[in-house]
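Naming convention: chains lettered A, B, ... in sequence-line order (proteins, then strands); numbering from 1 in each chain.
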Amino acid sequence: MILSWLPFYPLISFFILIIFGKRLSWLMATIVSVGAVTLSALSSFIVIQQLAQIDNHIITVQLWQWFSLGTAQVNFTLYLDGLSAVMISVVTGIGALIHLYAAGYMKEDENFSRFMAYMNLFIVAMLLLVLGDNLVLLYLGWEGVGLCSFLLIGFWYQDPANAMAAKKAFIVTRIGDTAMAIALFMLFSTLGDLNIANITELAQQQWLVGDDKAYWIALLLLGGAVGKSAQLPLQTWLPDAMAGPTPVSALIHAATMVTAGVYLIARMHGIFLLSPEVMSYVAWIGGLTLLLAGFAALAQTDIKRVLAYSTMSQIGYMMLALGAGAWSEGVFHLMTHAFFKALLFLTAGSIILALHHQQNLFKMGGLARKLPIETSLFAIGLIALIALPGTSGFYSKEAIIDSLWSSSTAGAALWWCAILGAFLTSVYSCRLFFLAFLGESRSEHQVKDDFSAIMRWPLFLLALLALLGGLFANMVEINLSNVFVDSVSSAQASSHSLVTESSPHWLHYVAIVTPFIGIVFSWFYFADYRQTSHSKTNHEVQYTANNFSDFFLNGLGFDALYQRLIVNPYCFLAKLNRRDIFDQIIMSSRWYVDLWREALVASQTGSLRWYAATLGVAVVFLLGVVLL
Amino acid sequence: MIALPFEHILILATTLFLIGFVGVISRKNTLFILMSLEVMLNAVGIAFIGAGSVWQQADGQVMFILILTLAAAEVALGLALLIRLQRKFQSLDIDILNKLRG
Amino acid sequence: MNSAQLIAIAPQLILSFGIVLSLLLIAWQRSKWLIQGFTFFIFVLALIATLDLYPIDNIQVTVLLLVDSYSLVALVLILISALTITVFSGFYLAKYTEVHDEFYLLLQLVILGAAILVISDHFASVFLGFELLSMALVGMVGYFRESDHGLESAFKYLILSATASSFMLLGIAFIYGTTGSLSFAMASNANHLIDHLYLAGIILFLLGLCFKLSLVPFHYWTPDVYQGAPTPVTMLLATVSKVAIFTVLIKYWFSQVNYGDESLTEIISLIAILSMLVGNVMALRQNNIKRLLGYSSIAHMGYLLIILLITSTQNITFAWQAALFYLAAYLLASLLIFMVLIVSHRKNNSDQIEIVHWRGMFWHQPWLAMAVIISLLSFAGIPLTMGFIGKFYLLVQATQQQLWLLIATLITGSGIALYYYLRIIFVLFAQHQEQSIAPQHGDIDNIFQPVIARVTIAIFSGAIIVIGIFPDVYAYFLSA
Amino acid sequence: MIIIFIIIALLLAGAIAWFFDNEKNNFARWFSLISLASLLLFFIYDTLFVAQTFTTFTPLVRFAWIKTFNIEFALALDNLSIILVILTLFLALICVLVSWHEIKTKIGFYYFNLLAAIAGIIGVFTAIDMFLFFFFWEIMLLPMTAIIAIWGHEQRHFAAIKFFIFTQISSLIMLIAIIAMAYLYQQQFGQLSFYYHDWQKLTLDSSMSFYLMLGFFIAFAVKLPSVPFHSWLPDAHTQAPTAGSVLLAGVLLKTGAYGLIRFVILLFPQASQEFAPVAITLGVVSVLYGAKMAFAQQDFKRLVAYSSISHMGFVMLALFAFNAVAYQGAVLTMVAHGLSSAAMFSMAGMIYSRIHTRSLAQMGGFWQSAPRMGGFALAFAAAAFGLPGLANFVGEFLSLAGSFSAHPIAVMFAALGLIGSAIYGMYLFQNSFQGPIKHTIADFSKRETLVAASLLFLLVFIGLFPNTVLQKIRIEQKISVQKASEQKISQQFVVQNINKLVMATPATIGRKDNE
């Protein structure tokens, strides 16, 4: 019962906000929207408690029958197991905190209630995504979060750039969605069902490891995941998506929606296990993305874009983990990442607000003195991101790195990738910190620091989670083991093990030390940024553009590449054929007929003798036809 | 009396007919056109009489008389129109009449 | 000649006596109403006689004439047009103070010629009817001295039709020369088909008929004469002359044993295809409505030629029905639109009505415009109208004979035709504010609509729709 | 009798609206509205709630009409027809509402045409004698053309003529096929017949049935419309008044799809099976080409028109996949597209009534001044690009999922249409409602809200509870399966229904080839 109501609190709130719109006062809107999400959060905690007491650790609630595909039923059924439990706790828990923060952040906006309505709708869609018991319902949530993401990125739609970013996010993810849709069709046509539990079961009964169909289905699902989670090659939308209000970036583009791809792969692990090749693609995509994003983060000037690339990179870790078969590690990282990345974004939001919507790092500096609380919160987020021992990030990331070397689908090369990534993470984190908080103040405006309580308290809670999130490790592990263990073991029993060799013992130490090396390296390399220099003028620290850093700044040129390879040709084709070639072909008959008409009219000269002559010619012609 | 072969009569009739037709096409003067029409009709008359004599029937001659009647009626109408042409345009050139076209 | 035979040609006799009596009447008293009334009376009598005769078994009246049910139906159609034309000639002539009794006399002559044509079974009677029809028509075309184009039209019609008749006569002479008979049935003999002279004769004879039916490539006179002739005469040309000549064509064709002959079939198909295409294409941008109707009649006659292309005697009955249905549909639609043309005079009394003059007619003369629309839709063969059923007949015939090429041409032709029919219809619907584009002489004003005109137009519109929805009303009449 | 009653009532209502309208009062509007609403309610009550099943396409009325050709006046109803008739009547209501203030001249005549068109369309959906079907098929064109030509936009005459000629030529081709079928019946059974169920008894040799099928197919493909016969549609949609576009997109296109189901596939199962590769290719090309062309348009209505082409491509694809699921998807897509395109065109009309242009370049930022309108526009755009939870998604999903097993490659290409639809959907929405504010417009009035809300309600309702519609289609499907299996084409249906699990894609294809 509690479960079935879970998505509907925010839905009701959405309707209230949309229908009453601007007639609601700020307070009313806040109470309704935040209250609804909090209600969801509370009920999800209760439900998770219940889950632990149930034997098979699965709760399903059928709401109604949606439609039937031949003999298979596609229902509005909510399905709660360990994995979705983790997800709903993140979605509703973090969601509630971010809602609260957003209420403060967006207080001045005239379309406040519309904003909160979208946020609520997003929570609904996200809950359906993680609770759907079949892939179609999952797809509904999947598209729903996409739409909300579109709406929220383009919330300030009057600026064409924002609208553009929203459109880009929607269309690029849509490419992935299409791949996923095809995967669904393929699953239906081969297995005849779209219920996730049934699929996993049927697939493992009918297919051997390495089956062609499993390969293609897994690959297409991966396509969907890659789109949503901003991984290579569909990663380009995420940095632009930062055009949205910062709470949106925190909720959608850091904590929840972008990790939907990770959730999808984890959810469909039964299929992926049947196709080790795709598993290693997952791993490689994760590895390459985390490096790419790390490098790109190094060159960014916009504080939110740094965080966006960092998100991409962290999701790369999750992918890497999934690819290596470290399911629960990946999901755990998803959770801890949600904590610290939400914290980072929200704190960044506060800073941006304090600087009158200034997001350029090179226009910040020296904030540590002016905003001590925000600085320390941000620092907490960063150390969790860097994964210094003891923080939540440490637990999850070390676990991932640990699992790589020995995995048959990942291996040593990817381990080194992960290590390099960890190094990059600490370097760009330090660069960010130095630029924003240390050094000389380069701000053009007065810094204002009159934050209301609702913009502070969520941050404290998140900071706590970011620091102590590691404590959840056991709980998550227990929850997830129910989901993964049995299927993994059965698949492994039927095929070769994913673990090939035991990893050497020095790996662990390298992994722990790497972040420190990064910090030390940055301390010296970015010395300029951190020093409160006496000799240099205020504006000495500037972004030095050269080809190389430009290349990184622009996300390694993917945007330009796609622009040239796909967007421009499509637009060109569209423009070229604006007048519709088929129409022109058909309408050319009009021209043809007219040509004949001209000729025939010309023959109608009006001269009697000419008419008589044609009579004679016609006679001769007809006689000729018949007689010859 | 030597019976003329039908072919000869036909050749004569057809030749006359063609002469008449060419006259209709090439003459500009309306009067001559009407005369050429007469030639054509009479050529047909010859053909009918010839054919009648081949089959030893009166039908051909009957037809000839009918044709004569037609020719008379035609000329009567033609001349009436010709007078109006003359009055309206002071000319008998048939090519004046080309206002209706296209 | 027994009494049955005399009765069988009663309509023709009535018409003939009517003409004589009309002459006497003119000698007695000249009055436009009297002569009009008398003409009308004669036609009504003839119509009653015809209907009374129907249905009839084939009756051979001398060697010249053959009365059968189909010719009677054709005669009914002709007389219906004759009646309408008589009535509307009255409206047309109303603007003249002068008494034009010759006009009605000529009209009676035309109808007599047509009446003879439809029952003729012999080249001599064909020739007589044919020339009676055309000579009287020439007189009518050039009837009004003062009209803009009357003289030109009359001259063109006279000389071209005389030339064509000469060709036809030559053809008849050839046929007679080879077969020794002037009767349709006797003159047909499969053995002669190898004879070039005979074939040439047939071609030349057909030429004469095709000329009158304005089929391509003998169509040149049509638009010019249609446009230049007084509207009632154009009406006559478009209806009576077409129906009579087409009837005689079918009669001749089906009495032959050679309708299946390949080279002749080819010629007919060729002429049909050319007519459908040329007629429709040339009508495309015409602005003068009479001229446009002239071109469209070319196409319609082209469609009708499909009837002739049958392969066995079993199809003759159906072909006759199809032809008479299509002819009736064509005739009713033509009469209807010409009636509207006659009542919608222009200020300067010219009968050269262009499409723009009908602009917005639907909004101030809705019933008149509805009549035009119904007539045009019937021409275009759109369901709800009789024209559609006519076209349906043709297509059934063509499909049964598997004339795919002709069907394709028919479809193409109909497509092209829709363009100009719809163009007129849209002009009728044009809104008033667009009127600034219209020429200064404005649209039709001074539409005088006597009750009779309105009633007649309504009856015809109704007939087209009713027969369009319940074709059995007429089809039963045909198959009785 | 109910159908005859409805058709006659519609014509009568139209005539009354025409004759008794005077320009001052709103008689014509209210009268058409009320009569349509009561007819809709009556029809729904009579077909859905009065105990009577419409599982087979059996005639409700049947009497001789034109005895010369043995033509009958026969009307029938089955669930497919019922769904489409309800859709038609519902959209007719929408049409009346959207033209409330748009049509300012000749109101009475306008409503006469509207109701006459509706009557014709209902006739098409219920005629069971093929001549009668053709009759209605043409009848519905006349008032439709009049609506475009009289109350349309600047190029209305051109568009109306183009629309009319396209459909007329294609339907003449169909008429030839109809006549040929009747003639074949005469050869086999001794007399002409145009009766649908008689034709199902015909035995046709394969090449003959192929050509006949093609004759029907062309007419329906033009109406659907499918590339390359689509080009009448953008012009007609663009130039028509709002209600005209709504009617065209919402219902008239469905007659094409209906014809494909009822006549092409069920009368010529074997031939359409042979033809399927071509039809499916056309469907896929339509999906992609429509989406691509939609993106290139500058004109709001033109864009929506091309999107219709794209959507109807899915229908074509699904129908020729010969699969029970795909079939359900096709019918649902028809309904969903009827609603969503009607909604989009209503939206276009409402925008046009405010800023008097259809050019996207001159739109922008409407959301600020008209948030309610923006919300609806977004929802309708979302329906167009197949957002799950709205009706279109279920239709397209079923279509593609069902077609996949037989035609995986085609479905993959068609799925690209999902991307294409997102692109033009976004382009449309952002250009009009987002971006810099170019116009300040009034938000929805109550009437407009009613129109949009009722359409959206149905879209969401069908999107979330598609079974209400799908159940109807399923019954229909059983019959068609039986019919088709008589013609021994559809082992595929049977195989799928009996044993889905063992069936794998290549195996099915192979099996089909062997047959």
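Considering CG of L418(D) and CE of M180(A), their distance stands at 12.5 Å, rounded to 0.5 Å. If you take CZ on F76(A) and CG on L464(D), they are separated by 5.0 Å, rounding to the nearest 0.5 Å. The distance from the CG atom of L147(A) to the CG atom of L378(D) is 5.5 Å, given to the nearest 0.5 Å. One finds the CD1 atom of I171(A) at 9.5 Å from the CD1 atom of I419(D) (value rounded to the nearest 0.5 Å). We find the CD-CG distance between Q73(A) and N467(D) to be 7.0 Å, quoted to the nearest 0.5 Å. How far CZ of F67(A) is from CD1 of I462(D): 14.0 Å, rounded to the nearest 0.5 Å.
For L194(A), the part sitting under 4.5 Å from any heavy atom of chain D is the side chain, from C-beta outward, and nothing else. Contacts of I581(A) with chain D are made by both backbone and side-chain atoms, with heavy-atom separations under 4.5 Å. Contacts between Y306(D) and chain A at a heavy-atom distance below 4.5 Å involve the side chain alone, from C-beta outward. Contact of E110(A) with chain D is made through the side chain alone, with heavy-atom distances under 4.5 Å. Heavy atoms of S399(D) lying under 4.5 Å from chain A are absent altogether. Looking at L332(D), there are no atoms closer than 4.5 Å to chain A (heavy atoms on both sides), in backbone or side chain. Residue L137(A): no heavy atom, backbone or side chain, is found under 4.5 Å from chain D. Heavy atoms of D159(A) lying under 4.5 Å from chain D are absent altogether. The contact between W66(A) and chain D is made by backbone and side chain atoms together, counting heavy-atom distances below 4.5 Å.
Across every non-hydrogen atom of Y157(A) and Q368(D), the tightest pair is OH-N, 3.0 Å. For I182(A) against A415(D), the heavy-atom pair with the smallest separation is CG1-CB, 3.7 Å. Here the closest non-hydrogen pair linking I586(A) and S231(D) is CD1-OG, 4.2 Å. Smallest separation of non-hydrogen atoms from G420(D) and Y570(A): CA-OH, 4.5 Å. Here the closest non-hydrogen pair linking A163(A) and Q430(D) is O-NE2, 2.9 Å. Q328(D) approaches S68(A) most closely through the heavy-atom pair OE1-O, 3.9 Å.
For chain A, the option among M412(D), Q298(D), M426(D) with the highest count of heavy-atom pairs below 4.5 Å is M426(D). With respect to chain A, the highest number of heavy-atom pairs below 4.5 Å among W232(D), F229(D), F158(D) belongs to F158(D). Contact count against chain A (heavy-atom pairs under 4.5 Å) is highest for K162(D) among Q297(D), K162(D), R372(D). Between chain D and the residues L140(A), L573(A), D580(A), the largest count of heavy-atom pairs under 4.5 Å involves D580(A). The candidate from N111(A), I175(A), T178(A) with the greatest count of non-hydrogen atom pairs under 4.5 Å with chain D is T178(A).
Counting non-hydrogen atoms of neighbouring residues, nucleotides and ligands closer than 6.0 angstrom, the CH2 atom of W216(A) reaches no more than 12 such neighbours. Atom CH2 of W64(A) sits in a crowded spot, with more than 12 heavy atoms from other residues, nucleotides or ligands closer than 6.0 Å. The 12-atom threshold is exceeded at OH of Y215(A), counting heavy atoms of other residues, nucleotides or ligands nearer than 6.0 Å.
V74(A) places none of its side-chain heavy atoms less than 4.5 Å from the side chain of F397(D).
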Criterion side-chain contact (heavy atoms from CB on, under 4.5 Å) on F295(D) and C571(A), from CA distance to verdict: CA-CA 8 Å; F295(D) 171 62; C571(A) 291; 3.9 Å; yes
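Taking the six-membered ring where the residue is Trp, Y139(A) and F393(D) present parallel rings, their angle staying beneath 30° rather than reaching 60°. Relative orientation of the F404(D) and F185(A) rings is tilted, given thresholds of 30° and 60° on the angle between their planes.
For F385(D) and F170(A), the ring centers sit closer than 6.0 Å to each other.
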